[in-house]
Number of protein chains: 2
Amino acid sequence: MRQSSFNNMGCPIAGALEHFGDWWSLLIMRDALDGFTRFDEFQENLGIAPNILTRRLKSLTDAGLLERRQYSERPARYEYLLTESGRDLGPVIVALYLWGIKHTDLDHHSVVLVDQDSGAEIEPVYVDRRSGRPLREIRAVFAAGRAATDQMRRRHGPETKAALRDRALRSGAAAL
Amino acid sequence: MRQSSFNNMGCPIAGALEHFGDWWSLLIMRDALDGFTRFDEFQENLGIAPNILTRRLKSLTDAGLLERRQYSERPARYEYLLTESGRDLGPVIVALYLWGIKHTDLDHHSVVLVDQDSGAEIEPVYVDRRSGRPLREIRAVFAAGRAATDQMRRRHGPETKAALRDRALRSGAAAL
DNA sequence: CAGTATCCTGTCCGATACTG
DNA sequence: CAGTATCGGACAGGATACTG
């Protein structure tokens, strides 16, 4: 994707990908969420070329996902800390992890998510906060909000909200 | 990322990204989960060049996320249907969506996630399936499973599980 | 240690034209 | 409608050398 030439069409997903949608950025954020903060830690973990790492770190910092902080005067040393929006990538990483252990042929227990206090393994599931029902059991679907009906029309043609839902229903797309 | 030259180091996240880690693939999957199935629907929604779309569709099909099915004999017509592993991308899309509405400057209600039966808006939260506790409130952290302690050692040096957890703790990485 | 500076290659992608 | 074929440009990314 030619970075800037892209029109995200008002889609939050495209908007998100615009900030960290490339290979290395996600992997760097994974490491950052694992608690790594320093240039050479990233470099060693990822096996990334230093110039590329510089570039990615800068773009992540510009995007506000990481914060560059000097932790030593002489010699000048910097570390990269998670910002709040960086920390909010946690669920994205979790979702990718869950897909990965299910659908790649790695040993299913090569990496596990644990509760650090109890040591118990965690099995994350998306639920609706209000009803508590798992999303898998809900026929969940994206629908155009009031404010964006126009944009959606442009994207999807003159479909109504109902038609959009029908379409999603037809294809079994409800398994979000 | 030079696709094949990459060693995913046994990481399920890197493994996942290897299958659909580029820009267009995720956006195509978003549309597929929205119920779109046909070449020209993708093309119009995304504004993607046809040759690129062909390439991405092929790679997604090869990766097993989509299934190409002929739905008309004469003329020959094909559609792209979600496979199970494709459907399992739902949570990834949801996670990206949630980050997007929170951290991009789109109207927060341009697109909403709704329960198609009740019409009620859904607010997805990751919880631990067993305890029901939101992941935000758990000090969740990735840890090397038994089977992979060796690989992790290679990645992280001679750190123990405990040291890994400490590191995560220090940086506030628990907010997965 | 934490990068910067160069050079080079691959390939992702867009534009366009064409086909059954 | 559902693509294939071809061309060209822009970067991403790797390798390597160098610096305070």
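These numbers come from a predicted model, not from an experiment.
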Under 4.0 Å between a side-chain N or O of [X] and OP1 or OP2 of [N]?
X: A:W24; N: D:dC11; answer: no
X: A:R38; N: C:dC1; answer: no
X: B:T54; N: D:dT4; answer: yes
X: A:R56; N: D:dG13; answer: yes

Next item on the list: Determine whether A:F39 and A:T54 make a side-chain contact, defined as any pair of heavy atoms from C-beta on separated by less than 4.5 Å.
Entry: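 The answer is yes, as the side chains (C-beta and beyond) meet within the 4.5 Å cut-off.
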Notebook entry, point to check: Got B:L65 and A:H103 here, is their nearest side-chain heavy-atom distance under 4.5 Å?
Noted result: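 Sidechains of A:H103 and B:L65: no contact.
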Item checked: Angle between terminal axes - the helix from C:dC1-D:dG20 to C:dG20-D:dC1, 5 pairs each end, rounded to 10° ->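 Its terminal axes enclose an angle near 50°.
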According to side chain to side chain donor-acceptor pair (under 3.5 Å), who are the partners of [X], at least two apart in sequence or on a separate chain?
X: A:R129; value: B:E123
X: A:Y126; value: none
X: B:R69; value: B:E79
X: A:R77; value: none

Atom [atom1] of [X] to atom [atom2] of [N]: distance rounded to whole Å?
X: B:Y71; N: D:dC1; atom1: OH; atom2: P; result: 9 Å
X: A:Y80; N: C:dA2; atom1: OH; atom2: P; result: 9 Å
X: A:K58; N: D:dA12; atom1: NZ; atom2: P; result: 13 Å
X: A:R77; N: C:dG3; atom1: CZ; atom2: P; result: 9 Å
X: A:L53; N: C:dC1; atom1: CG; atom2: P; result: 14 Å
X: B:L46; N: C:dG14; atom1: CG; atom2: P; result: 10 Å
X: A:W23; N: C:dC12; atom1: CH2; atom2: C1'; result: 15 Å
X: B:L57; N: D:dT4; atom1: CG; atom2: C1'; result: 14 Å

Notebook entry, point to check: Just checking B:F42: base, sugar-phosphate only, or nothing, at a heavy-atom cut-off of under 4.0 Å?
Noted result: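 B:F42: no heavy atom of the nucleic acid under 4.0 Å.
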Next item on the list: Determine the contact category for A:R55: base if any of its heavy atoms lies under 4.0 Å from a base atom, sugar-phosphate if only primed atoms, P, OP1 or OP2 are that close, otherwise nothing.
Entry: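 It contacts base atoms.
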Check: Do the charged groups of B:D62 and B:R68 touch, with an N to O distance under 4.0 Å?
Finding: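 Between B:R68 and B:D62 there is no salt bridge, as every charged N stays at least 4.0 Å from the carboxylate O atoms.
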Item checked: Partners passing side chain to side chain contact (heavy atoms under 4.5 Å, CB included) against B:E67 (at least two apart in sequence or in another chain) ->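 For B:E67 the side chain to side chain contact (heavy atoms under 4.5 Å, CB included) partners, ignoring immediate neighbours, are B:T83.
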Next item on the list: Taking side chain to side chain contact (heavy atoms under 4.5 Å, CB included) as the test, write out the residues that go with A:D40, two or more places apart.
Entry: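 Applying side chain to side chain contact (heavy atoms under 4.5 Å, CB included) to A:D40 gives A:R38.
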Can you give me the N/O atom pairs linking the protein to nucleotides 15-18 of chain C at distances under 3.5 Å, or say none if there are none?
{"from": "C:dA15", "atom 1": "N6", "to": "B:N51", "atom 2": "ND2", "distance (Å)": "2.5"}

Margin query: For A:F42, give me all partners under ring pair (Phe, Tyr, Trp, His ring centres under 6.0 Å), at least two apart in sequence or on another chain.
Written below: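 Ring pair (Phe, Tyr, Trp, His ring centres under 6.0 Å) check on A:F42 returns nothing, list empty.
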Check: When the nearest nucleotide of DNA chain C is assigned to B:P75 and to B:I48 on a heavy-atom basis, which residue is associated with the more 5' position?
Finding: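 On the 5' side of the pair lies B:I48.
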Notebook entry, point to check: From D:dA2, D:dG3, C:dG3, pick the nucleotide closest to the side chain of A:Y78?
Noted result: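 So the nucleotide nearest the side chain must be C:dG3.
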